[in-house]
S.K.: 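Input: one structure, supplied below.
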Amino acid sequence: GAVVSQHPSRVICKSGTSVKIECRSLDFQATTMFWYRQFPKQSLMLMATSNEGSKATYEQGVEKDKFLINHASLTLSTLTVTSAHPEDSSFYICSAPGTVMNTEAFFGQGTRLTVV
Amino acid sequence: AQSVAQPEDQVNVAEGNPLTVKCTYSVSGNPYLFWYVQYPNRGLQFLLKYITGDNLVKGSYGFEAEFNKSQTSFHLKKPSALVSDSALYFCAVRDHSGNTPLVFGKGTRLSVIA
């Protein structure tokens, strides 16, 4: 089945620094990638949708200057958390939508971000 | 707007007993319904889906779910629970249109006790 590879799986950074999270579709082309954030013991909340070749679409309440999304190619989407603060600590997951043949979405392994 | 409700935060079941994790949905038109499982600090693993056809859907690891249109439900079931089934389970819905994101329920934590 389709595979989405997300890196890093864990990252600890200092307040004020930026962190980049990568998601790659390994055996298919993902023109769209969804980025979710998950707080402890809570559900996944959609942050933004990245589209190859165009600007990302952000959900209401998500700061686009804080969470920079780039969809550089048909196989790579990145989320950069800029000037990170402790409240940005969370679990971030990317997901590529299903194809015509496989309607289920494909998820990356997730990234545990801890800002100290 | 689409929505998913998982009324139980936690489900506890003894190993070997049947388990049910409840899910109801709201969507205009015909839904695409999914169940995913999440282990600690991991992404989501696909279990099963309902798109069309038989209301009883069989998926991975012995799980199954029954689509009930009149009750707008899609409960996840397994005849005999294993300790290794202990995890966080998410029900999700998507409408038919192309590249749309899944809408998730809040999740239900399943604990299978030996």
Side-chain angles (χ1 to χ4, degrees), chain A residues 1-11 21 23 29-52 54 56-60 71 77 90-114, chain B residues 1-10 21 23 25 27 30-53 57 59-60 63 65 67 74 87-111:
Chain A
V3 176
V4 174
S5 179
Q6 183 174 347
H7 293 279
S9 58
R10 291 176 181 269
V11 59
I21 302 170
C23 268
Q29 293 181 334
T31 57
T32 298
M33 193 74 77
F34 302 116
W35 287 92
Y36 294 87
R37 181 174 181 176
Q38 185 181 27
F39 291 99
K41 298 184 180 181
Q42 294 191 28
S43 188
L44 285 77
M45 302 302 296
L46 181 67
M47 297 175 63
T49 302
S50 73
N51 296 289
E52 192 270 337
S54 62
T57 303
Y58 290 82
E59 296 300 301
Q60 190 174 8
H71 203 124
S77 176
S90 193
F91 193 63
Y92 294 87
I93 308 176
C94 61
S95 170
T99 63
V100 173
M101 297 303 296
N102 295 292
T103 53
E104 65 270 24
F106 306 104
F107 288 86
Q109 301 93 323
T111 298
R112 171 69 62 192
L113 171 63
T114 303
Chain B
Q2 306 158 68
S3 66
V4 174
Q6 292 181 245
E8 303 153 317
D9 291 335
Q10 174 94 29
V21 182
C23 171
Y25 66 90
V27 64
N30 294 320
Y32 283 5
L33 293 160
F34 306 86
W35 276 101
Y36 286 84
V37 60
Q38 184 182 34
Y39 295 96
N41 290 313
R42 301 294 297 275
L44 273 65
Q45 295 180 29
F46 170 74
L47 283 179
L48 51 79
K49 65 184 176 185
Y50 172 82
I51 305 301
T52 187
V57 178
S60 305
F63 284 94
F67 171 64
F74 190 56
L88 187 58
Y89 290 80
F90 289 101
C91 182
V93 67
R94 207 192 84 189
D95 64 23
H96 276 195
S97 58
N99 287 341
T100 55
L102 294 177
V103 174
F104 289 89
K106 63 180 181 178
T108 298
R109 185 162 299 280
L110 174 67
S111 180

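Here is the naming used below: chain letters follow the sequence lines, and residue numbers restart at 1 for every chain.
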S.K.: B:Gln6 versus chain A, heavy atoms under 4.5 Å apart: side chain, backbone, both or neither?
M.R.: neither
S.K.: What distance do B:Arg42 atom CZ and A:Gln109 atom CD have between them, rounded to the nearest 0.5 Å?
M.R.: 7.5 Å
S.K.: Who passes ring pair (Phe, Tyr, Trp, His ring centres under 6.0 Å) against B:Phe46, sequence neighbours left out?
M.R.: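 B:Phe46 satisfies ring pair (Phe, Tyr, Trp, His ring centres under 6.0 Å) with B:Tyr36 once adjacent residues are dropped.
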S.K.: Between A:Phe107 and B:Leu102, which heavy-atom pair has the shortest distance, and what is it?
M.R.: CZ-CD1, 4.1 Å
S.K.: The criterion is ring pair (Phe, Tyr, Trp, His ring centres under 6.0 Å); which residues satisfy it with A:Tyr58, sequence neighbours excluded?
M.R.: none
S.K.: Could I get the full list of ring pair (Phe, Tyr, Trp, His ring centres under 6.0 Å) partners for A:Tyr92, not counting sequence neighbours?
M.R.: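 Per chain and number, A:Tyr92 pairs via ring pair (Phe, Tyr, Trp, His ring centres under 6.0 Å) with no residue.
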S.K.: What's the shortest heavy-atom distance between B:Gly43 and A:Phe91, and which atoms?
M.R.: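 So the minimum-distance heavy-atom pair works out to N-CZ, 4.4 Å.
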S.K.: Which heavy atom of A:Glu104 sits nearest a heavy atom of B:Phe34, and at what distance?
M.R.: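 Closest pair (atom of A:Glu104, atom of B:Phe34, distance): CA-CE2, 3.4 Å.
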S.K.: Is any residue of residues 29-36 of chain A within less than 4.5 Å of chain B by heavy atoms, and which ones?
M.R.: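 Near chain B, by residue number: A:Thr31, A:Thr32, A:Phe34, A:Tyr36.
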S.K.: Counting only non-hydrogen atoms closer than 4.5 Å, does A:Gln38 touch chain B with its backbone (N, CA, C, O), its side chain (CB onward), both, or neither?
M.R.: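 When you check distances to chain B, only side chain atoms of A:Gln38 fall under 4.5 Å.
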S.K.: Any donor-acceptor pair under 3.5 Å linking the side chain of A:Ser43 with the backbone of B:Gly107?
M.R.: no
S.K.: For B:Leu48, is it the side chain, the backbone, both or neither that has a heavy atom under 4.5 Å from a heavy atom of chain A?
M.R.: neither
